[in-house]
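See below for the structure under consideration.
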Amino acid sequence: MNQMPPRYNPKETEDKWYKFWHDNNYFSAKINTAKKPFSIVIPPPNITGILHMGHALNNTIQDILLRYKRMQCYEPLWMPGTDHAGIATQNVVERKLAKEGIKRQDLGRDKFLEEVWKWRDEYGSTIINQLKKLGSSCDWQRMRFTMDEEYSEAVKEVFVALWDKGLIYQGNRIINWCPRCQTALSDEEAPYKDLEGQLYYIRYPLKEIKNQKSKIKNKEKNHIVVATTRPETMLGDTAVAVNPKDKRYKQLIGESVILPLMEREIKIIADSFVDPKFGTGAVKVTPAHDPNDYEIGLRHNLDVVNIMDEGGVLNINAGDYQGMDRFEAREAIINDLTERKLIEKIEPHAHSVGHCYRCSTVIEPYLSKQWFVNMKPLAKPAIEAVKKGEIKFYPKRWTKIYLNWMENIRDWCISRQIWWGHRIPVYYCRNCQAGMKYQIPNYKLQINSNDKIQNSRQKNGIIVAKARPEKCPDCASTDIYQDEDVLDTWFSSWLWPFATFRDKAELNYFYPTSVLVTAQEIIFFWVARMIMAGFEFMGKKPFSDVYIHGTVRDDTGKKMSKSLGNIIDPLEIINEFGSDALRFSIISLTSVGQDIYLSKNKFEYGRNFANKVWNASRYIIMNLKPEELSVDLCIYGKSISGLAEKWILSRFYETLAKIEKALDNYKINEAAKTIYEFFWNNFCDWYIEFSKLTIANNETQVVLYKVLEKTLRIMHPFLPHLTEEIWSNLPGAGGSIMIKPWPHMQKNFISKAIDSQMRIIIDLISSLRNARSEWHVPDNSRIDCILKIKDKSARKTLEENQLYIKKLAGVANIKFSDDLKDASGCVSGVIEKVDFYIPLGDVVDLEKEKARLNKQLEASKQQLKGLSARLKNKEFLAKAPRDVVEKEKQRAQQLNLLIKRIKINLSQVSS
RNA sequence: GGGCGCAUAGCUCAGUCGGUUAGAGCAUUUGCAUCACACGCAAAGGGUCGAGGGUUCGAGUCCUUCUGCGCCCACCA
């Protein structure tokens, strides 16, 4: 029957069982009104993604929760899918085409999109297949994609709904622009990084001064110095601003300077935004290239001069610098200014600069017409829900971070100038308006601060509709074209918890989902927005709990990333250690919300444990007599007489309770640790060893079998493949462990009394082993020992269970005696309630033995000293709780006794 | 500038409601081919719990200041 090899081989089992589960539809979820639903939507990986350790961690957590709940007889749904990842995917396909010397513009929009779809069909599910390697129990029949037809309908519907509500508008704004991807980005997509830059102090020559007073004051100076980190933007300056209260410049307000290089006259204006303490207190104002300057521009009706094209190359407004890249222009300008002695100084200056989250290119604040969502109204219920505890974060601290962001939420720029994505469902009537989208302001564009278009009833030639209208509702013209832009990828992702359901009844049953498991990086991108979307479009929260796990880093603390080249490939780990080993290791290393530092050798932990489970099971299976095992433990348990049997059952149920508590609180590492300790330190190290003495007994057979069988079940969520493989070898088990129920709690098996009886036996065995080791008694030789025990019940326990001691401590004969004469010349030891003596004859060095005993004596005395000081302290006696005082008193008594007994033994040695 | 996290054995980390003897894995040392497992068994050594101050009968745990490392947010010319 038994063909289990001595080493667990994951390669032979994992794919086999995954296929088995899949073929038997164990992953599929259905409405079952008799059961409570437990649902999770997967954080959809990008179709460009390849599995990394972050995914491995994320999906292992979800899979453990789902398998646990499945066994607890919930109806578990894990909704899988992928994200179209607009910019990322477009970049990948563009790069691929570039290798063939093709630009997307060469192909045109439709042909290019065909290419992207082709790419997706070929590579888009790579990561999904990798998730399967992990054992993920997703309901694959439900596989969704954010560009599915139904899903796209939902995206359009949401856009139209927000428009109708007046929450979407189009406007000219300074947005984050990536000159490489050539698209607008949201604030979240342009993370700031600290850079060591430079602060350039540039002289702007004053024009002939009209005001006589300022002429006198600035007699010696004929310029004003401005400080900037981006000198190239000076070409678009349309003013210099100073603080109205700044005495240094008060007289100059209203005067003009000649913008160097451009030789344009610009005004000196006063604006309280300017901080007199920074730089020189005078700021160059470039409304087209800085959000603050833009605001200043609005306040003072300044001209807006855009000097760059979409690629970050200077345009016609840049004069001689036209055609240069922005950084190239920076150098040229500094050179030219230096030549003209217009640079006062250059200082090193640390500042943060936005970077594109897709390609790391330095962001250019750029003026353009984009679509925005007014977020404040959406944020309101999302704030409430978290404040009320309707949605809970694990760990709690993210609540504050979430609320802080939500309460300061800014409008969301949702239009992207790329092709791959959901095209904006906005149509323009040429007859009603000239489409102005890409007429980036040239010289002297006046901007109106109310430049928002947000009402569908306005006659402005804008038609917002899910489908292309036949004709313009206003003028009936058929000359209609669609907005060129697509929506931010996250504008589709935020609908994920409900747009993934195609069936209303299913939505009703599974929504709100139970928990969202994700990483901290996307709290704002995704989690926060899903909460807003849930309330706005479903009227209900999208999930009850948010579990935020840590970031996976390498063992030096750096974030794992392809570009740093420090990734550990999960597939390689699976190949070398097995999927279960990966799961168990990574989960054990992750305490709630802490980052996780990985190195390859850490996966040995899980592999070794898997092998331990394998071998213990293998041993038990080899020794089982299956015909005797079909009993109900609940009934049978009452008649069990063996101490070890009672003890392991007590330990098992204690463990079960601990694991349930841990899992219910998302303390998955704690659950893993608990099961590890129980299995290895209790079940294997002690119980299996004890059981070898009585393996033929029916009682031992039943307990070994039942405990193993139940333990495998609680292990299954953590080690699914391994437990399934063992289960298939376990006589009498039958079926698949995956769909077996979670063990029922049987509190009556838990017994403190049994635990403490066993404690004595285990302590004695350990001490005897220690003594053997100290005195170099060879492993295969057996010693005798004499036990002196005053405590009657302890003596009884040891008398009844002496076989255990003989077997595990290598003892031939045990003599129970109170006669000290027997003890002379023996190596001795004192533990709680028991003195033991081992006659070792001549091997024993009396001086060494004395030293050994003295050491123990000193330690005990030291302890007693602290203890008795405390017990003499009146305040301690008065203020500490009674049970603590009582415990201390008992402990002191025991120590006193112990010391006495050690002293007796010492005198024995000396005599 | 604001906020958050971390600091415990050589390394990586646990540590519950504050309760007195601070745990594990790896590594180290010693012994063991033993009939489940050497990915193993048995034993041992290893700690001023980052520093100072405070609260308390009692602090790794609570408060406070500081140091070091990491992260997030902010219209840092």
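Owing to the predicted nature of the structure, the values given are computational and were not obtained by experimental measurement. Within every chain, numbering begins at 1; the chains are lettered A, B, ... in the order of the sequence lines, protein sequences first and strands thereafter.
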_Atom pair CG (A:D580) and OG (A:S585), whose distance is rounded to the nearest 0.5 Å_ = 10.0 Å
*Which residue, A:Y8, A:F678, A:F584, forms the ring pair (Phe, Tyr, Trp, His ring centres under 6.0 Å) with A:F609?*
A:F584
*Would you mind classifying the nucleic acid contact of A:F278 as base, sugar-phosphate or nothing, using non-hydrogen atoms under 4.0 angstrom?*
base
*asked:* Categorize A:R870 for me: base, sugar-phosphate, or nothing, with a 4.0 angstrom heavy-atom threshold over every strand shown.
replied: base
*With rounding to whole Å, what would you report as the distance between B:C26 and B:G68 at their C1' atoms?*
26 Å
*Classify the nucleic acid contact of A:V226 as base, sugar-phosphate or nothing, counting any heavy atom under 4.0 Å across all strands shown.*
nothing
*Passing option when A:I620 is tested against A:L730, A:V707, A:I726, A:L708 for side chain to side chain contact (heavy atoms under 4.5 Å, CB included)*: A:L708
*asked:* Would you say the ring centers of A:W398 and A:F393 fall short of 6.0 Å from each other?
replied: no
*Geometric cation-pi criterion, A:K612 with A:Y676: 6.0 Å, 45°*: no
*Choosing from B:C4, B:C57, B:A43, which nucleotide comes nearest the side chain of A:N873?*
B:C57
*If a protein heavy atom is under 4.0 Å from the base, mark B; if only from the sugar-phosphate, S; if neither, -; do that for nucleotides 28-39 of chain B going 5' to 3'.*
---BS-B-BB-B
*Between B:A77 (P) and A:I266 (CD1): distance, integer Å*: 18 Å
Residues 856-866 of chain A side chain polar contacts: donor-acceptor under 3.5 Å, at least two apart:
{"from": "A:Q856", "atom 1": "NE2", "to": "A:V830", "atom 2": "O", "distance (Å)": "3.3"}
{"from": "A:S860", "atom 1": "OG", "to": "A:Q856", "atom 2": "O", "distance (Å)": "2.9"}
{"from": "A:Q863", "atom 1": "OE1", "to": "A:R891", "atom 2": "NH2", "distance (Å)": "3.0"}

*C1' atom, B:G23 versus B:U8: distance in rounded Å?*
10 Å
*asked:* Please pick, from B:G19, B:A77, B:G15, the nucleotide with the shortest atom-to-atom distance to any side-chain atom of A:E670.
replied: B:G15
*Check for a donor-acceptor pair, side chain of A:R870 on one end and backbone N or O of A:E888 on the other, with a separation under 3.5 Å.*
no
*Touch check for A:K874, heavy atoms < 4.0 angstrom, all strands: base, sugar-phosphate only, or nothing?*
nothing
*Separation between the P atoms of B:U16 and B:C63, rounded to whole Å*: 14 Å
*Once you round it to whole Å, what is the distance between C1' of B:G23 and CG of A:N681?*
11 Å
Between protein and nucleotides 71-73 of chain B, what N or O pairs are separated by less than 3.5 Å?
none

*asked:* Using a 4.0 Å heavy-atom cut-off, does A:A282 contact any base of the nucleic acid, only the sugar-phosphate backbone, or nothing at all?
replied: base
*Nearest-0.5 Å distance, OG1 of residue A:T551 to CD of residue A:E521*: 4.0 Å
*Say you pick atom P in B:A14 and the same atom in B:A59; how far apart are they, in whole Å?*
24 Å
*Side chain of A:K887 only, please: which of B:A14, B:G19, B:U12 is the nearest?*
B:G19
*asked:* Taking the P atom in each of B:A22 and B:G46, what is the distance between them to the nearest angstrom?
replied: 13 Å
*Write down the partner of B:U28 under the Watson-Crick or G-U wobble criteria, each distance required to be under 3.5 Å.*
B:A44
*So, A:F690 versus A:Y804, ring centres under 6.0 angstrom or not?*
yes
*Measure centre to centre between the rings of A:H349 and A:F278, then say whether the value is under 6.0 Å.*
yes
*Does A:D275 or A:Q894 map to a spot on RNA chain B nearer the 5' end, using the closest nucleotide for each?*
A:Q894
